[in-house]
Every structure is written in structure tokens, then in C-alpha cells.
2 protein chains.
Amino acid sequence: MNVNHVFAALASHPRRQILVFLAQTALSTSDLAARFGTTPPAVSRHLSVLLHAGLVSAERQGQRVLYRLERDVLLDALARFASEMDAPLRRAPREAL
Amino acid sequence: MNVNHVFAALASHPRRQILVFLAQTALSTSDLAARFGTTPPAVSRHLSVLLHAGLVSAERQGQRVLYRLERDVLLDALARFASEMDAPLRRAPREAL
DNA sequence: CATACTATTAACATGAATGTTAATCATGTG
DNA sequence: CACATGATTAACATTCATGTTAATAGTATG
């Protein structure tokens, strides 16, 4: 997992909004499109960015594809960034960014 | 403070990079410009976005203006967003991320 | 297998963000 | 007060992100 990918994904307001919706329950592309007045193609591309960042997972169920928030990935990335911000002098051994 | 302002500020890679530098020590505009090969005007506008979001503070020292990371604001915003993501049921009191 | 429905991709247009150079403002120094 | 240095703003060009519609792919159902 890559903090930069995650933040690139979080960089977009619509995507953060999608995550907020998915925090409640898993939803399909068109569910999400309906929920904030945009079209499925727009949502679909946002979802692919979120997928690539590992922030959501997809599961096909018949015609629909249900997207689910990957909380651990998100919270872990936030925690990593937070600890990076907390690193004034201590440059001790650190694993990945 | 506004989580959206903060995330709008964090949306930019160069700005996150600035924050990483400022996590080490307070720096001036041209210090930062030198540190990642760009020009003072570019840095200056990024800093004004960060200022507006409350993520950094500015203190003039003679000709130079020293910028300082506001850790609390940043960490608080991350924690708020994290708890928003954790929000389906558990709305219990939580300390920092 | 034809049709309907959902999701994704393609192509395009538009608006926002970033960086650059030039100009202006602020501060310090001779 | 003239000049040098650092910071900011302005104006501009370029790139990137977003959304829209149209087309394509996958899945279910009659």
C-alpha cells in the first residue's frame, strides 16, 4: 500500500464523499450516482481510483457491483501520514513511508 | 477549523511535501523553494493555502517569514475524518487517531 | 438468443490547479 | 534615501481533473 496513492485518491472531494457513503454501507455504482446527483460513468472512474489505492473493494453480485470501504487501509494510511508529521528530529530506523 | 479546507489543502502533492519539510523545522519561503527545486512564488501560494487551512502559521523575522507546521490542527483533522469513516455505529468518545 | 439492465471505457469539453516570469510590497543595510 | 534581499501578487500558459454523452462489455431474464 502506498500513502501517496491513498492521498492522491483522497485529494478529490467527490471521492471523499463516496467514502463517507460507503462508510455506512456497501453500495453499487448507480446507487452512489443517485446519492449525489451525478452519473454512473463519473462515479465509476472515481471508484477505480479508490480501488487502485486499495481504499475500497469490489464484489460483483449479478448485474451490480457492490463497493465496500476498506477501513483498515484508510485508517492505516492516515496513521502513517500522521506519524510522518510527528517526526521532527527522530530519524531512527523507519520502515516504509 | 474545517476538515474540508484541510483536505483541500492536503489534496496537493507539493503541499504535502511542504508539510513534511516543515515537520522537521520551521522554514522560510525560499528555504522551501530551494529544498524542492521550485520557485518562491509557487511555494508562496501553496503556503497561503496551508495558512488558510490553519495547517501552518507564519512569523516574520526581518526580511524572512518563517513558516511553522501546526501539528494539532493537522492531526485533529485527520482524526475527525477517521472517525467519520468509522461512523456507522460507534460514535463513542475517541481520543486522537 | 434477444432484450433489458448495470458497469465500464472512450471521446470530448470545461474548469481548476500548478508553475513560470515579471512586477509590486516589505524589510534591512549602506 | 538608495539599494539589496526576501515575500507576495499578477498575468499568463500548460497540464490535470471532472463531468457529460455515446459506445462497449458483462450479466440476467424472457
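Hydrogens, waters and symmetry mates play no part in the numbers below; they use all other heavy atoms, side chains included. For clarity, every value in this text was computed on a predicted model and none was experimentally measured. Chain letters run A, B, ... following the sequence lines, proteins first and then strands; every chain starts at 1.
Judged by distance alone, with hydrogens and angles left aside, the side-chain atoms of B/R60 form a donor-acceptor pair with the main-chain N or O of B/G62 at under 3.5 Å. Formation of a donor-acceptor pair under 3.5 Å by the A/S48 side chain with backbone atoms of A/R45 is found in this model.
Straight-line distance from the CZ atom of B/R15 to the C1' atom of C/dT18: 9 Å, rounded to whole Å. Put simply, CD on B/E59 is 19 Å from P on C/dA26, counting in whole angstrom units. A straight line from CG of B/L27 to C1' of D/dA7 spans 15 Å, rounded to a whole angstrom. At whole-Å resolution of the value, CZ in A/F36 and P in D/dT20 are 10 Å apart. Summarising the geometry, the separation between NE2 on B/H13 and P on D/dA17 is reported as 13 Å, rounded to the nearest angstrom. Distance, B/L32 CG to D/dT8 P: 11 Å, rounded to whole Å. Residue B/R16 contributes atom CZ, which lies 14 Å from atom C1' of C/dA17 at whole-angstrom precision.
In this structure, the side chains of A/L66 and A/S28 come closer than 4.5 Å at one or more pairs of heavy atoms. Side-chain contact between A/I18 and A/V56: absent, with no pair of heavy atoms (C-beta onward) separated by less than 4.5 Å.
Transitive grouping of hydrophobic side chains (ILVMFWY, heavy atoms separated by less than 4.5 Å) brings B/F7 and A/V20 into a common cluster.
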Readout for nucleotides 2-11 of chain C: B = base within 4.0 Å of protein heavy atom, S = sugar-phosphate only, - = neither; 5' to 3' it is --BBSSBB-B
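The CD atom of B/E70 sits 11.0 Å away from the CG atom of B/L19 when rounded to the nearest 0.5 Å. To the nearest 0.5 Å, atom CZ of residue B/R16 and atom CG of residue B/L74 are 11.5 Å apart.
OP1 or OP2 of C/dT18 sits under 4.0 Å from a side-chain N or O of B/S12. Between B/H46 and the phosphate of C/dA17, there is no side-chain N or O to OP1/OP2 separation shorter than 4.0 Å.
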In sequence, state the C-alpha distance, the side-chain angles, and the governing distance for B/L10 and A/F81, and then conclude on side chain to side chain contact (heavy atoms under 4.5 Å, CB included). CA-CA 11 Å; B/L10 294 180; A/F81 183 65; 4.2 Å; yes
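Residues satisfying the salt bridge (Lys or Arg N to Asp or Glu O under 4.0 Å) criterion with B/R64, sequence neighbours excluded, are B/D31.
Taking for each of A/V43 and A/G62 the nucleotide of DNA chain D with the nearest heavy atom, the 5'-most of the two is the partner of A/V43.
Comparing the end axes of the helix from C/dC1-D/dG30 to C/dG30-D/dC1, each fitted to five base pairs by superposing C1' atoms of four pairs onto the next four, gives an inter-axis angle of 20° (nearest 10 degrees).
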